Peer 1: 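Structure incoming, see below.
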2 protein chains.
Amino acid sequence: MAGAVHEVAETLVRRTRARVTRARVAVLATLLAAERALTHHEIERRIKRNLGIDRVTVYRVLEWLTARDLAHKISDDDRVWRFNAAKKEHGRRHAHFKCNSCGGVTCLDKAMTVRSVLVPSGFRSQEIELTVKGLCAGCGPAARRRSRVRAQHRH
Amino acid sequence: MAGAVHEVAETLVRRTRARVTRARVAVLATLLAAERALTHHEIERRIKRNLGIDRVTVYRVLEWLTARDLAHKISDDDRVWRFNAAKKEHGRRHAHFKCNSCGGVTCLDKAMTVRSVLVPSGFRSQEIELTVKGLCAGCGPAARRRSRVRAQHRH
DNA sequence: CCGCAAATTGCAACCGAGTTGCATCAAAAA
DNA sequence: TTTTTGATGCAACTCGGTTGCAATTTGCGG
Ligand SMILES: [Mn+2]
Ligand SMILES: [Mn+2]
Ligand SMILES: [Zn+2]
Ligand SMILES: [Zn+2]
């Protein structure tokens, strides 16, 4: 599990022909192991447990991974960047989901179908960014029902 | 012109039954007069020419206007909020256009037509946020052609 | 017009995410 | 192993935005 992602990460970094450093491998492995997009803080916390990598280095590694398309960064209105390992299943242009309750951000694999967003005359549209907001599986009504039942069982 | 927006702004603020202050009227008037969404800095610059209102006050007024739906704020991946007077022509949910060249943000009045963005099972979609990126009228190829001609004329 | 209470403002200090300069360190080429 | 070159650690910094609190305004009654 953890070891496997680590090796995958190392291979991916090595493939870029650039230097294979602990920091790069560790950050990429963390992203690969994550189910959702991670903030800088989440990444740092998960890494610092083992190695003592400086936060500036984490920032620089994230920037590097993004430039090499090994990761992509997602902007968010809470003014915090979130990062995701670039997996093949989500194509170049994909939408994102942001949970209104826990704040978690998830990539939506399926290509988004946006029909004709008309821009004013003279404007030229180049790309479309789309974010769906709502409740994730962990925060939705089903999950709340589950946790209510759990509470009843406890007594 | 400038005087007219000012009076409109004053009326709008008075309608809320809250206190009508110089700062509130000035900020709202600035937003009403603007053709595009303005950053805090742009607003402050345009106001400071006349009155000497503190930047913190501008922040608080913007927050207040937003809460009263007299303005709405737009998040942007440059980590800067932009504000727009809430005009009736752009409905409650509308898309935004961000120019990749000058960074300007414009509200897109027309309702956006997004068909079926499918979210993972267990997820519940509540709202959709859409940003079109590209070149605005002032930065597009037509505008560049115009400015090239202007340069030729100059010699 | 005057006095009062409550809301608003100005100021200074603060916050947190991200960046920069520079000396030191380590990957990999030689 | 030595050398070269790029990566890292650390401290200081930037910048948009926020907070606490005392001083000022606003709107209201009288
Ligand atoms: Mn994504
Ligand atoms: Mn808008
Ligand atoms: Zn959630
Ligand atoms: Zn432009």
Side-chain angles (χ1 to χ4, degrees), chain A residues 6 9-30 37-48 50-68 70-83 103 105, chain B residues 9-30 37-48 50-68 70-83 98 103 105:
Chain A
H6 188 94
E10 187 171 328
T11 307
L12 287 169
V13 172
R14 176 154 288 121
R15 242 176 232 161
T16 68
R17 321 292 275 168
R19 293 200 178 168
V20 181
T21 67
R22 264 189 329 152
R24 284 173 180 171
V25 174
V27 171
L28 182 51
T30 305
L38 300 180
T39 64
H40 166 85
H41 271 299
E42 293 170 321
I43 296 165
E44 206 188 345
R45 232 181 303 128
R46 295 183 191 201
I47 283 181
K48 275 252 173 87
N50 317 317
L51 330 138
I53 294 172
D54 191 77
R55 57 187 215 97
V56 176
T57 302
V58 174
Y59 276 116
R60 291 198 268 231
V61 166
L62 287 169
E63 187 184 18
W64 184 86
L65 289 172
T66 303
R68 291 300 195 289
L70 290 176
H72 70 275
K73 67 175 174 180
I74 308 163
S75 76
D76 188 4
D77 48 9
D78 61 7
R79 303 166 33 90
V80 175
W81 292 107
R82 286 159 195 275
F83 295 83
V105 174
Chain B
E10 187 171 326
T11 307
L12 287 169
V13 172
R14 175 154 290 119
R15 241 176 234 161
T16 68
R17 321 293 272 167
R19 294 199 177 170
V20 180
T21 67
R22 264 188 331 154
R24 284 173 181 172
V25 175
V27 171
L28 182 51
T30 305
L38 300 180
T39 64
H40 166 84
H41 272 297
E42 292 170 321
I43 296 165
E44 206 188 344
R45 233 183 301 129
R46 294 182 192 201
I47 283 181
K48 273 254 174 84
N50 318 317
L51 329 139
I53 295 172
D54 190 78
R55 60 188 211 96
V56 176
T57 302
V58 174
Y59 276 117
R60 290 198 269 231
V61 166
L62 287 169
E63 187 184 17
W64 184 87
L65 288 172
T66 303
R68 292 299 195 292
L70 290 176
H72 70 274
K73 69 175 174 180
I74 308 164
S75 77
D76 188 5
D77 47 11
D78 60 8
R79 301 167 35 91
V80 175
W81 292 107
R82 287 160 195 275
F83 295 83
K98 161 120 193 189
V105 174

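Treat the numbers as computed from the prediction; the structure is a model and nothing was measured.
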Peer 1: Could you give the CG-to-C1' distance, from D76(B) to dA17(C), as a whole number of Å?
Peer 2: 16 Å
Peer 1: Roughly, in whole Å, what's the span from CZ in R22(B) to P in dT24(D)?
Peer 2: 14 Å
Peer 1: Roughly, in whole Å, what's the span from CZ in R79(B) to P in dG16(C)?
Peer 2: 13 Å
Peer 1: dT8(C) C1' sits how many Å from R17(B) CZ, rounded?
Peer 2: 19 Å
Peer 1: Nearest whole Å is fine: how far is dA29(C) P from R19(A) CZ?
Peer 2: 9 Å
Peer 1: Between L70(B) and L28(B), what is the shortest heavy-atom contact and its length?
Peer 2: O-CD1, 4.0 Å
Peer 1: Whole-Å distance between dG16(D) C1' and D78(A) CG?
Peer 2: 14 Å
Peer 1: Quick one: is H41(A) getting a side-chain N or O under 4.0 Å of the dA17(C) phosphate, OP1 or OP2?
Peer 2: yes
Peer 1: Would you mind classifying the nucleic acid contact of V56(B) as base, sugar-phosphate or nothing, using non-hydrogen atoms under 4.0 angstrom?
Peer 2: base
Peer 1: Who pairs with D54(B) by side-chain hydrogen bond (donor to acceptor under 3.5 Å, both in side chains), at least two apart in sequence or on another chain?
Peer 2: none
Peer 1: Taking only Lys NZ, Arg NE, NH1 and NH2, and the carboxylate oxygens of Asp or Glu, determine whether D77(B) and R79(A) approach each other closer than 4.0 Å.
Peer 2: no
Peer 1: Rounded to the Å, how far apart are I53(A) CD1 and dA7(D) P?
Peer 2: 14 Å
Peer 1: What parts of residues 58-65 of chain A reach DNA chain C, counting only heavy atoms under 4.0 Å away?
Peer 2: Y59(A), R60(A)
Peer 1: Closest nucleotide of DNA chain D for T21(B) versus for R55(B): which of these residues is on the 5' side?
Peer 2: R55(B)
Peer 1: Taking all heavy atoms of A29(A) and all of A9(A), pick out the closest pair and write down the distance.
Peer 2: N-CB, 3.6 Å
Peer 1: Nearest-nucleotide wise, let me know which of A18(B) and W81(B) is further upstream toward the 5' end of DNA chain D.
Peer 2: W81(B)
Peer 1: Can you tell me the distance, in whole Å, between the CG atom of D54(B) and the P atom of dA13(C)?
Peer 2: 14 Å
Peer 1: Under a 3.5 Å distance rule, please check whether T57(A) uses its side chain to pair with a backbone N or O of I53(A) as donor and acceptor.
Peer 2: no
Peer 1: Going by the salt bridge (charged side-chain N to carboxylate O under 4.0 Å, His left out) test, which pairs reach into residues 10-23 of chain A, not counting sequence neighbours?
Peer 2: E10(A)-R14(A)
Peer 1: Can you check ring pair (Phe, Tyr, Trp, His ring centres under 6.0 Å) on F83(A) and H72(A), steps first, answer last?
Peer 2: CA-CA 6 Å; F83(A) 295 83; H72(A) 70 275; 9.0 Å; no
